[in-house]
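In what follows, a structure is listed as structure tokens, so that the remarks can point back to it.
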Amino acid sequence: NDLDAETLELLEDQLMAYQGTVLIVSHDRAFLDNVVTSLLVFEGDGVLNEYIGSYSDWLKLKQQRDAEAKARQKAETAKGPERKSKKKALGYKENRELSALPGKIEKNEAEHQALHARMAAPDYFKCSPAQIAADKHRIGELVNELKLLYDRWEELTQADGQMMT
């Protein structure tokens with residue numbers, strides 16, 4: 001449970017040098033930030049998600065998502081019930097955007113899956129630290145882009161009155 005500083009540093013060094021995969025459960029957030037490259041997070045309701053990065057990275061993402069959800073909820077409440085029931089027809093540009101969104105989503109998901117698979121390879125950590133950092137940054141960008149694309153798709157399909165599948 002509680003290791004002295006020297007033993008903890010030794011453990012961190014050994015874990016960082018290890019070429020395989022290790023599943024770590026710890027209450028020590030600093031330790032997790034120092035050694036983990038991805039997290040398995042239980043999000044409630046039986047949902048388990050994997051996040052690339054450290055505990056601090058995940059915590060920032062969670063806080064950002066919570067803030068966005070709160071802002072959306074506040075905006076919907078401010079609109080009032082009369083605005084929610086009104087649906088406007090999509091214009092030409094919006095229809096074109098809506099028809100292009102599934103392709104963009106598919107492309108981003110394919111890149112995300114390919115990058116994730118490359119990063120999950122056992123020999124991936126032989127790459128340079130710069131390459132690992134660039135890949136980690138790109139994964140974060142793709143997650144954010146996908147969220148924006150899905151949000152826009154949902155917005156357009158609701159405005160158009162289409163069923164989301």
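For clarity, every value in this text was computed on a predicted model and none was experimentally measured.
From H137, atom NE2 reaches atom CD of E141 across 3.5 Å, with rounding to the nearest 0.5 Å. Residue I52 holds its CD1 atom at 8.0 Å from CG of L115, rounded to the nearest 0.5 Å. Rounding to the nearest 0.5 angstrom, the gap separating the CG atom in L11 from the CD1 atom in I24 is 7.5 Å. Here the straight-line distance linking atom CG of L156 with atom CG of N95 works out to 8.5 Å at 0.5 Å rounding. Put simply, OG on S26 and CG on L32 are 4.5 Å apart, with the number rounded to the nearest 0.5 Å. S38 contributes atom OG, which lies 10.5 Å from atom CD1 of I139 (distance to the nearest 0.5 angstrom).
Checked for salt-bridge contact, E155 and R152 meet the test: a charged N lies under 4.0 Å from a carboxylate O.
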Open item on the list: Test salt bridge (charged side-chain N to carboxylate O under 4.0 Å, His left out) on D66 and K70; report intermediate values, then the result.
Closed with: CA-CA 6 Å; D66 290 348; K70 193 179 244 184; over 6 Å; no
- [ ] Determine, stepwise, if the pair E68 / K147 fulfils salt bridge (charged side-chain N to carboxylate O under 4.0 Å, His left out).
- [x] CA-CA 11 Å; E68 289 171 357; K147 183 189 177 314; 3.1 Å; yes
TODO: Tell me, with the steps shown, if D151 and R72 meet side-chain contact (heavy atoms from CB on, under 4.5 Å).
DONE: CA-CA 11 Å; D151 288 349; R72 265 196 310 271; 4.0 Å; yes
Task: Steps toward side-chain contact (heavy atoms from CB on, under 4.5 Å) verdict (F31, L3) - done: CA-CA 11 Å; F31 172 73; L3 301 175; over 6 Å; no
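L101 and Y92 are members of different hydrophobic clusters when ILVMFWY side chains are connected at heavy-atom separations under 4.5 Å. Linking ILVMFWY residues whenever their side-chain heavy atoms come closer than 4.5 Å, directly or via other members, places M16 and Y18 in the same cluster. Cluster membership check: L10 does not share its hydrophobic cluster with V36, using side-chain heavy-atom separations under 4.5 Å among Ile, Leu, Val, Met, Phe, Trp and Tyr. Hydrophobic clustering (side-chain heavy atoms under 4.5 Å, transitive across Ile, Leu, Val, Met, Phe, Trp, Tyr) groups Y55 together with L15. Criterion: ILVMFWY side-chain heavy atoms under 4.5 Å apart, direct or through other members. Under it, L61 and L39 are part of a common hydrophobic cluster.
Around CD of Q73, the count of heavy atoms belonging to other residues, nucleotides or ligands within 6.0 Å does not exceed 12. With a 6.0 Å radius and a threshold of 12 heavy atoms from other residues, nucleotides or ligands, E109 has its CD atom above the threshold. Atom CD of E43 sits in a crowded spot, with more than 12 heavy atoms from other residues, nucleotides or ligands closer than 6.0 Å.
Between F42 and V47, every side-chain heavy-atom pair lies at or beyond the 4.5 Å cut-off. Residues L40 and L48 are in side-chain contact: their nearest non-hydrogen atoms beyond the backbone lie under 4.5 Å apart. Taking 4.5 Å as the limit, some side-chain heavy atom of D57 sits within range of a side-chain heavy atom of K136. Looking at heavy atoms from C-beta onward, Y150 lies in side-chain contact with I105 at the 4.5 angstrom threshold.
Note on residues 10-39: no pairs pass salt bridge (charged side-chain N to carboxylate O under 4.0 Å, His left out), not counting sequence neighbours.
Under the salt bridge (charged side-chain N to carboxylate O under 4.0 Å, His left out) criterion, E145 pairs with R138, not counting sequence neighbours. With sequence neighbours excluded, no residue satisfies salt bridge (charged side-chain N to carboxylate O under 4.0 Å, His left out) with R96.
When all heavy atoms of R65 and Y51 are compared, the closest pair comes out as NH1-OH, 3.1 Å.
Using modelled atom types, one side-chain atom of T157 and one backbone atom of W153 make a donor-acceptor pair closer than 3.5 Å.
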